[in-house]
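First the proteins, then the strands, lettered A, B, ... as listed; each starts at 1.
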Amino acid sequence: MLTVILVKLITCVIVFAISLGVAAYATLWERKFSALLQDRVGPDRAGPKGLLQPLADGGKMFFKEEIIPNVSNKFLFILGPSLFMITALMTGTVIPWGKDFTTANGTTYSFQITDINIGVLYLLGVVSIGVYGIMIGGWASNNKYALLGAIRSSSQMISYEIAMGISVIALVITAGGTLSLREIVGQQDAGWANIVYQPLGFLIFFVCALAETNRAPFDLPECEAELVGGYHTEYSSMKLGLFLFAEYINMFISSAVMSAFYFGGYNFPFAQELYHAMGLQDGSIWISIIGFGAFFTKIVIFICVFMWIRWTLPRFRYDQLMNLGWKILLPLSLLNLAITVGVEFLRGNLHF
Amino acid sequence: MKLTNRSKVVSNKEQSFTERLYLPGIIKGMAITGSHLFKRRATVKYPDELRPIAAVYRGQHVLKRDENGAERCTACGLCAVACPAEAITMESAERKKGEEGLYREEKYAKTYEINMLRCIFCGLCEEACPKEAIFLTDRIVDTEYEREDFVYGKDKLVEKVDKRIDVSKRQTLEVAEFKKIPGLKHNEVWKGNKLK
Amino acid sequence: MLGYTITQWIFGILSFLAIMFALMVVFSRNPINSVLYLVLTFFCVAGHYLLMNAQFLAVVHIVVYSGAIMVLFLFVIMLMNLNENTEPQRTWLTKIIAGVAGGLLLVVLVGSLKGAEQLQLASYGASQIGLVKNLGKVLFSEFLFPFEIVSVLLLAALVGAIMIGKKEIK
């Protein structure tokens, strides 16, 4: 019992550390990548090739003066960013990062903190809670800009959650009716990745993921042209850091979810042949590690695409955002669901 | 008048289906930004790398000394007259006995000031100077906190005796030839107390 | 521990928290705090669902109530900028009416709880009913008609809301 708890604890720490590390370097890569797209060099002063820039940024955040507005609700003001960060980190718990492996003495360990059989629903639930951090923070700032940012953010998240949920339902039907992420990924092991069956669903999910993570072109909640800084206008020091950081963690996790849902997670083409050629037995730790590498590569590619989009597309206007969410994505996702159900029924995969 | 073929007439026509899909447009835009990934970086990392500058770059002025270390400027005021920005002022004084090593001519500039905020670095002072005294160099004027500090006096303008500034690049072939003509007085070199 | 199982302990703690937060909803003067306490109450109720092995209900409860409906509540309260100072003074009449209404609700609740003892609860695989698969099967076979009726009700509510929200009807 104790060892089980210890192992879980270590997995938790590793997953959190990886999430935070990736988020830290995503901030650097964002600046570097935007520079590359704009024919600039980007940060290259801190450490070799600017690799210590995240540390410098973090250090700066810690040493900045902390300002809490005099009239704001102090408890809620601090609760906001913490809640946003907690929910961002919580989503990482159900993602299967790699295949299970078995040690010499026969114990099996998994590259996943926990596999709950309603993992997909859990993800949606945590994402829907995430909006509270922004809302509470924006309201407690006692600032009109922050409040408008918070309200925009919440209405945007609620609107896009619906299309996202429906596209996920279509995915779940394709994946054989399981809500466990491990099974969804495992089911893509032998056959094709889900993107082949769900191209439209993936597109909808991707657009919704952009909106849910408040990334451009859906970054209206922190739209600096209109709202100063949006919901984090009044925040300073590390509390601002938490808000900015959580956005990158969200980006990392949603990239992970997309590659798990639609691109086979830790599977990759000709994986079995490769393992066979390397002479690896089933349950070897090396299979898990190579699978994790493949998964991570997909995540990095997704993060790059996120950034690429951010530095290409202009921001939506608010009515365009709502039109896209309710009048285009929602009907499209319903259509996708209907087509999926029809096709799966004809293939004989559905039983009533 | 039509200058290029790139101008487009703005119209409010209904978007076609592919335009309303936006996806082709988005992919096109991303291809454009993506292609910039492989373009040459435009940045020059300034303190580490310097941009190549022309030999005749017009930067901060210098008041030259002659071979013996005497100031060439005779405070004739032609530079101040030539200056379109009226950045140059000077006060003249007569050379005392025993100062021959310091000042080349019998009259010299007691003070000589250039306001670097007014200066437009056109080089007309250089052209006007009959004594080969003032030159523009490839040095860049330093930044300062106060406006007064941009008024450069003789302390900053006259070149140091032990740290001569090479302005040979500023002199075109014609100037160099001109300087070799022996009959012209300012081309002659002081030796001791006499012109040779 | 003290003669109780872990499940019973969790049940006790969750119940205590749920009731405490529910009371805080009523007693806190700031509407924003009320809404946030209500969200916490919903979390406790979701915990109860989990204890009954009704995972689907628990998560949907969080997604729908905490994640969507309460956000809209919060939204409206923030937009109206309600706080302690703007709370209107209630007259004695409203207080009496509110008291009577609350008392009636209590009577109804007590009555229904009394009645629940006699109710014959249909058993669908006992504790497995809350799992997504079983719940879906039951909803779309045995309780299909009430399920669809509820959706029609929601549709009617939606249309009604739009009709009220529309400024002018041509």
Side-chain angles (χ1 to χ4, degrees), chain A residues 29-50 53 199-207 209-211 215-218 300-317 319-321 323-325 327-329 331-332 335-336, chain B residues 3-60 121 138-146 149-150:
Chain A
W29 182 235
E30 169 104 58
R31 296 168 67 182
K32 203 84 182 165
F33 196 73
S34 72
L36 292 178
L37 288 179
Q38 295 167 356
D39 296 346
R40 295 183 287 115
V41 175
D44 68 338
R45 295 283 129 176
K49 300 253 168 202
Q53 189 68 38
L200 185 61
F202 167 68
L203 194 68
I204 296 165
F205 192 92
F206 184 70
V207 174
L210 279 177
R215 291 288 297 181
F218 300 100
V300 168
I301 292 171
F302 263 114
I303 289 178
C304 286
V305 172
F306 266 62
M307 289 174 182
W308 191 359
I309 287 175
R310 169 167 177 185
W311 296 101
T312 303
L313 299 180
R315 191 179 286 132
F316 276 108
R317 213 171 52 215
D319 58 323
Q320 290 171 333
L321 176 95
N323 275 343
L324 179 66
K327 290 188 188 164
I328 297 172
L329 288 184
L332 262 185
L335 178 75
N336 182 45
Chain B
L3 291 173
T4 60
N5 295 324
R6 281 176 298 179
S7 61
K8 269 187 187 168
V9 179
V10 178
S11 72
N12 259 343
K13 72 170 166 59
E14 212 50 11
Q15 286 177 315
S16 67
F17 179 72
T18 45
E19 274 173 337
R20 265 188 296 135
L21 258 183
Y22 285 111
L23 279 179
I26 288 171
I27 289 165
K28 214 168 122 190
M30 287 178 70
I32 289 172
T33 44
S35 73
H36 277 264
L37 271 178
F38 310 105
K39 291 223 169 99
R40 208 175 59 84
R41 312 276 82 110
T43 312
V44 177
K45 300 177 182 177
Y46 167 59
D48 302 342
E49 293 169 25
L50 294 178
R51 260 210 304 202
I53 59 173
V56 289
Y57 182 86
R58 296 196 296 265
Q60 189 190 323
F121 301 96
D138 57 1
R139 296 173 300 168
I140 289 165
V141 176
D142 289 338
T143 49
E144 307 281 354
Y145 287 104
E146 307 291 335
D149 295 340
F150 282 104

For chain A, which candidate among B/R41, B/H36, B/K39, B/R40 shows the most heavy-atom pairs at distances under 4.5 Å? B/R41
Can you confirm whether B/E49 is buried at CD, in the sense that more than 12 heavy atoms of other residues, nucleotides or ligands lie under 6.0 Å from that atom? yes
Heavy-atom nearest pair, A/C304 first then A/W29, reads SG-NE1, 3.2 Å
Distance check, rounded to the nearest 0.5 Å: B/T33 atom OG1 versus A/R310 atom CZ? 13.5 Å
Which atoms of A/L313 approach chain B - backbone, side chain, both or neither, heavy atom under 4.5 Å: side chain
Please state whether the side chain, the backbone, both or neither of A/I328 comes within less than 4.5 Å of a heavy atom of chain B. neither
Quick one: which of A/L37, A/T312, A/D39 has the most heavy-atom pairs under 4.5 Å with chain B, could you say? A/D39
Heavy-atom closest pair (A/L210 atom, A/P217 atom, distance to 0.1 Å) is CD1-CD, 4.3 Å
Using non-hydrogen atoms only, which part of B/L23 is less than 4.5 Å away from chain A: side chain, backbone, both, or neither? side chain
Nearest 0.5 angstrom please: B/I140 CD1 to B/F121 CZ, how far? 10.0 Å
